[in-house]
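Below is one structure; the comments refer to it alone.
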Protein chains: 2
Amino acid sequence: MNIYDIAKLSGVSIATVSRVINNSPKVSEKTKKKVWDVMNEYDYTPNVFARGLGLNSVKTVGLVCPDVSDRYMASAIAYLEKNLRKYGYDSILMCSGFDYEGKVEAVKILLDRRIDAMILVGSHYAGDCGQNDIQYLKDAAQKVPVVLMNGYIRVPGVYCILTDNYKAVYDTVCNLIEAGRKKIVFLYDANSYSTTKKLEGYQDALIDNGLKVQEEYKVLMPNNVLKARDLLAKKKLDFDAVIASDDAMAVGALKYVHQINKSISEDVNVVGFNNSELCVCCYPEMSSIDSQEEELSEIAVDSLIKVLAGKSVRQKMEIPCKFIKRNTTQF
Amino acid sequence: MNIYDIAKLSGVSIATVSRVINNSPKVSEKTKKKVWDVMNEYDYTPNVFARGLGLNSVKTVGLVCPDVSDRYMASAIAYLEKNLRKYGYDSILMCSGFDYEGKVEAVKILLDRRIDAMILVGSHYAGDCGQNDIQYLKDAAQKVPVVLMNGYIRVPGVYCILTDNYKAVYDTVCNLIEAGRKKIVFLYDANSYSTTKKLEGYQDALIDNGLKVQEEYKVLMPNNVLKARDLLAKKKLDFDAVIASDDAMAVGALKYVHQINKSISEDVNVVGFNNSELCVCCYPEMSSIDSQEEELSEIAVDSLIKVLAGKSVRQKMEIPCKFIKRNTTQF
DNA sequence: CTGAAAGCGCTTACAG
DNA sequence: CTGAAAGCGCTTACAG
């Protein structure tokens, strides 16, 4: 069943059928209805490939993230898919991995599929692998609009939507210091854009409060509860507060504190990042900085739709994080 | 730049170019190389839409799950995407939600996109909404191969890959009873296929060990740590073991036990399901039943590829779960 | 408001 | 091993 069949059955030309499919205003209501009825009766669906050939688009956006099994990315992807669908866009998912090659390949596959736009989730696309490694994004942005969620690069055609991670960490560390903490550890798992911002916030807060930035207090580690715990145990660092770039490491730290029989809240404060369910699994429950995936996703999609409609949109949009204070962790 | 340009530039016909694109064995190595060189030089990529029109496929599979932000589904989707890509298939993601309408819509959108196959993740597609609600899957299976991950329905063209949830729970409950537990609670959050199997395993184990199945010990609740904890607190149930259909509820139970100053392991055993990172966040760490997403995803993709290649494949494939015993929970 | 016709860029059966 | 030609099923500028 194709457009010719429908045309024949409804006694019009294929041009007219095409117009009613695309809801063209130039068709009379009467013929519109006539054709619709036939299409419904025979359960006709236009062939996407043919439409694609004609229109050079099938309303698809590429969603790329290093790994959807990561809680943060999964939740972003979920919101994005939902929001995009509202506007009739389907989502092709690519888990690119964290390596440069994987990222380049994912972007290439998507471009070859003639997607209408691309949304990259997580700040691992903003050049954490070196200096010139965003060339592939620049190239991609020449072809389709590119949205970066939680990363920032100043490239025409790349729209960046992010939360203010610098400020979130800066403020938190200031609060910790005001509450009397002096030996504050920063745990992180990557050198991505957002992590770098968090690190800067951490360092600046220390400096602005007259504390020294100590190298051994900046700990790079796997983002994994048990590994984080054990690494801290091995290092035997002496600290009275922890802030981590993701919850899993923070929970690991919390467990370590437990292990050495210190009291969370009394002796040590622990703050996580991303406000995942992990925060309420541990004891005591853990404060965390919420990175607002839902809001970001919404802004990302709205902006993208505007861009696709030819409207102008700001190249960088930053919203504040939210500090989620759990009763049991006080400062 | 299209196939005509390449043909002209390499001095052959478009038929030949098409053949080298498709790596047809009928082309001489010499012309193959000649054409390849031109394609590479001009960075030519065949137009997917035109290919789609000609081949009636663009090597895409639809991935549908109720909600990717669920840990279990996210991890399955991640593995599926990765495995499918190995075979050159791209993945269109659809988060259908848990309602019937959403599921039907997701499947329809995918079918309209002329996907080559469909993989449904989670057992919510196996008819948890009523009796006749799998008609849309039957219809879909007429058009493309359908794979159900962790669900089972006996429908031609629907291939079901699942873990033996019944046995996993049955065995666990038997072990609990042998260890002296008598008041075993079962927590669950839905009436999906797999949950129903788990519930059956729970009940049969009780019966086979001469215990009574008590209705108040089967607790339907939201799959959420704090809500689970609070609901149990409100119910004031007296129990000495808990098994849940997902980790979050189990952790909630564990926290409740903590709250009433009972000892996990001494007084109460708690076992979760899906072996997520939540299990190691709580204290003490929690045992859980691993539902083998990675293995399932691999089998799912392998089977699908076979089906697409016209080979025959078993309609139902079931593998055992793995019990993950954490040191601190003993029985 | 409607139709005839060209065009989108491939694939492939057929002939050689 | 290679090419000419038809076909895949749409969209749309043009003419009326």
Spacing between A:Ile3 atom CD1 and C:dC8 atom C1', to the nearest angstrom: 14 Å
Closest to side chain of A:Thr16, choosing from C:dG9, D:dT11, C:dG3: C:dG3
Sugar-phosphate only, base, or nothing, as touched by B:Tyr4 at under 4.0 Å among non-hydrogen atoms: base
Atom-to-atom span, NZ of A:Lys8 to P of D:dC10 - whole angstrom: 13 Å
Under 4.0 angstrom between A:Ser18 side-chain N/O and D:dT12 OP1 or OP2: no
Sugar-phosphate, base or nothing in reach of B:Val12, heavy atoms under 4.0 Å: sugar-phosphate
Separation of atom CG in A:Asn56 from atom P in C:dC10, rounded to whole Å: 11 Å
Nearest-Å distance for atom pair NZ/P, residues B:Lys32 and D:dC1: 9 Å
Residue pair B:Leu308 / B:Tyr89, side-chain heavy-atom distance below 4.5 Å: yes
Test item: side-chain donor near acceptor, B:Tyr159 and B:Gln315, under 3.5 Å: no
C1'-based separation of D:dG16 from D:dT12 [nearest Å]: 16 Å
Integer-rounded Å distance: D:dG7 P and A:Asn47 CG: 17 Å
Separation of atom CZ in B:Phe49 from atom P in C:dT11, rounded to whole Å: 15 Å
Whole angstrom value for the distance that separates P of C:dT12 from CZ of B:Arg51: 9 Å
Check: B:Asn150/B:Tyr193 side-chain N/O donor and acceptor closer than 3.5 Å: no
Pairwise side-chain contact, B:Asn47 with B:Asn2, heavy-atom cut-off 4.5 Å (strictly under): no
Minimum-distance nucleotide (side-chain atoms of B:Thr31 versus C:dG9, D:dC10, D:dC1): D:dC1
Ionic contact status for B:Arg85 with B:Glu81, cut-off 4.0 Å: yes
Could I get a table of every N or O pair under 3.5 Å where one atom is in the protein and the other is in nucleotides 13-16 of chain C?
from: C:dA13; atom 1: N6; to: B:Arg19; atom 2: NH2; distance (Å): 3.2

Nucleotide nearest A:Ile14 when distance is taken to its side chain, options C:dC10, D:dC8, D:dT11: D:dT11
Below 4.0 Å: OP1/OP2 of D:dT2 and any side-chain N or O of B:Ser28: yes
Integer-rounded Å distance: C:dC1 P and A:Glu29 CD: 9 Å
Sugar-phosphate, base or nothing in reach of B:Val17, heavy atoms under 4.0 Å: nothing
Bracket notation of DNA chain C in which parentheses pair within the strand, [ ] cross earlier pairs, and | pairs with another strand (Watson-Crick or G-U, under 3.5 Å): |||.||||||||.|||
Salt bridge (charged side-chain N to carboxylate O under 4.0 Å, His left out) evaluation trace for A:Asp116 with A:Lys59: CA-CA 6 Å; A:Asp116 296 288; A:Lys59 298 198 81 176; over 6 Å; no
